[in-house]
There are 2 protein chains.
Amino acid sequence: MEYKIKSRIWIEVDGEILLGEGRVQLLKAIAETGSLTKAAASLSMSYKKAWSLVDAVNTRAKKPVVNTSIGGTKGGGTELTEYGRTLIKIFDNLNENCWTFLDEQLANSEL
Amino acid sequence: MEYKIKSRIWIEVDGEILLGEGRVQLLKAIAETGSLTKAAASLSMSYKKAWSLVDAVNTRAKKPVVNTSIGGTKGGGTELTEYGRTLIKIFDNLNENCWTFLDEQLANSEL
DNA sequence: AACCGTTATGTAATTGTAAATATAACGAGA
DNA sequence: TCTCGTTATATTTACAATTACATAACGGTT
């Protein structure tokens, strides 16, 4: 029966969510599959939800996070931009730093 | 169009939530009103939800967080224990430290 | 031209969560 | 003993968020 401290972080723009853990997970799945449809399926998420999440990230970010293409042999696809990849890296870094910081804080508080 | 980092922290026991921002807010309202009914109303929360939140906190914490009484002239009431008050203080402290830490982290990441 | 898998978008259905409602018990005081 | 405001709990109702379904457009390939 030990107390554990948890946290979630997210980045906002104009009071609206730009990027959180769920969106980062989705972007990672897009990077792996090259397809929004497959990424959504791999996370057991509806395509519509996945699309609206990616759309929100893409329109709010300072630069596009994904490139999409429609049609062609493979039907099209979605790929991360370089900016999208750095965004993910920075987010993951912030998140891990936050976790270790909070663990230290809790340990020092003697709850 | 500036990026801002936000966070929520909470404390878990055995994988279940013990205390988060909402529960702390509720405990503070109880401290002010001396009544779970009034505390719930002051937060526009249903009594049932308020009760189940307080009950969860009370049963999972290492020591009781509130004392309740039923009946009597005033009908009864709910008051914080000393342990409940220190729990709130520590939580608020952790939370503020987390915010300033993350702000620093974001500033250093040059997003 | 026809096909196929994908993006993109609207609408209907569902379902899980929260609120509303109802009811009982309690106990000091009038 | 009756009242009153509170805690405590179950059941029903309502709503909002999510999913499911449907449809169109696209563009290489065959």
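Hydrogens, waters and symmetry mates play no part in the numbers below; they use all other heavy atoms, side chains included. Below, chains carry the letters A, B, ... as their sequence lines are ordered, and counting in each starts from 1. Remember, predicted model here, so these are calculated numbers, not experimental data.
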Taking atom [atom2] of [N] as reference, at what distance in whole Å does atom [atom1] of [X] sit?
X: B:I70; N: C:dC26; atom1: CD1; atom2: P; result: 8 Å
X: B:N67; N: D:dA8; atom1: CG; atom2: P; result: 11 Å
X: A:W51; N: C:dT9; atom1: CH2; atom2: C1'; result: 7 Å

So which of B:L26, B:T68, B:T59 actually passes side chain to side chain contact (heavy atoms under 4.5 Å, CB included) with B:V54?
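Of B:L26, B:T68, B:T59, side chain to side chain contact (heavy atoms under 4.5 Å, CB included) with B:V54 is met by B:L26 alone.
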
Checking side chain to side chain contact (heavy atoms under 4.5 Å, CB included) between A:T81 and each of A:V66, A:T86, A:N67, A:L87, which is the one that passes?
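Testing each of A:V66, A:T86, A:N67, A:L87 against A:T81, the sole residue satisfying side chain to side chain contact (heavy atoms under 4.5 Å, CB included) is A:N67.
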
Spacing of NZ belonging to A:K6 relative to CG belonging to A:D103, to within rounding of 0.5 Å
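Reported value, rounded in 0.5 Å steps: 9.0 Å.
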
Using 0.5 Å steps for rounding, measure from the CH2 atom of A:W10 to the CG atom of A:L18.
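Reported value, rounded in 0.5 Å steps: 13.0 Å.
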
Within a radius of less than 6.0 Å around NZ of B:K62, do more than 12 heavy atoms belonging to other residues, nucleotides or ligands occur?
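Count over threshold, so yes.
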
Do A:D92 and A:K28 meet the salt-bridge criterion of a basic N to acidic O distance under 4.0 Å?
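So A:K28 pairs with A:D92 through a salt bridge.
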
Which ILVMFWY residues can you reach from B:W99 by hopping between side chains whose heavy atoms are under 4.5 Å apart?
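In the cluster with B:W99 there is nothing else; it is isolated.
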
Look at the side-chain N and O atoms of A:S69 and state whether any lies under 4.0 Å from the OP1 or OP2 oxygen of D:dC26.
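Answer is no, no contact under 4.0 Å.
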
For DNA chain C, what residues of [range] have any heavy atom nearer than 4.0 Å?
range: residues 9-47 of chain A; result: A:S35, A:L36, A:T37, A:K38, A:Y47
range: residues 72-85 of chain B; result: B:G72, B:T73
range: residues 52-61 of chain B; result: none

Check whether any side-chain heavy atom of B:I11 sits under 4.5 Å from a side-chain heavy atom of A:L111, and report yes or no.
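The answer is yes; the side chains approach within 4.5 Å.
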
Are B:L102 and A:C98 side-chain neighbours, meaning at least one heavy-atom pair lies under 4.5 Å?
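Counting from C-beta outward, B:L102 and A:C98 do come under 4.5 Å.
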
Quick one: does any side-chain atom of B:N58 pair with a main-chain N or O of B:V65 as donor and acceptor, under 3.5 Å?
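Checked: pair present.
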
Donor-acceptor under 3.5 Å (B:R60 side chain, B:I17 main chain):
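Side chain of B:R60 to backbone of B:I17: a pair is present.
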
Expected rows: protein N/O vs nucleotides 10-15 of chain D N/O, under 3.5 Å:
from   : atom 1 : to    : atom 2 : distance (Å)
D:dA10 : N7     : B:K48 : NZ     : 3.2

Residue A:K49, side-chain atoms from C-beta onward, closest of D:dT19, C:dA8, D:dA8
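Nearest nucleotide to the side chain: D:dT19.
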
Sequence neighbours left out, what passes side-chain hydrogen bond (donor to acceptor under 3.5 Å, both in side chains) with A:E79? Give chain and number order.
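Partners of A:E79 by the side-chain hydrogen bond (donor to acceptor under 3.5 Å, both in side chains) criterion come out as none, since no residue qualifies.
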
State, to 0.1 Å, how close A:Y83 and A:A61 come at their nearest heavy-atom pair, and which atoms those are.
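Minimum heavy-atom contact is CE2-CB, 4.2 Å.
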
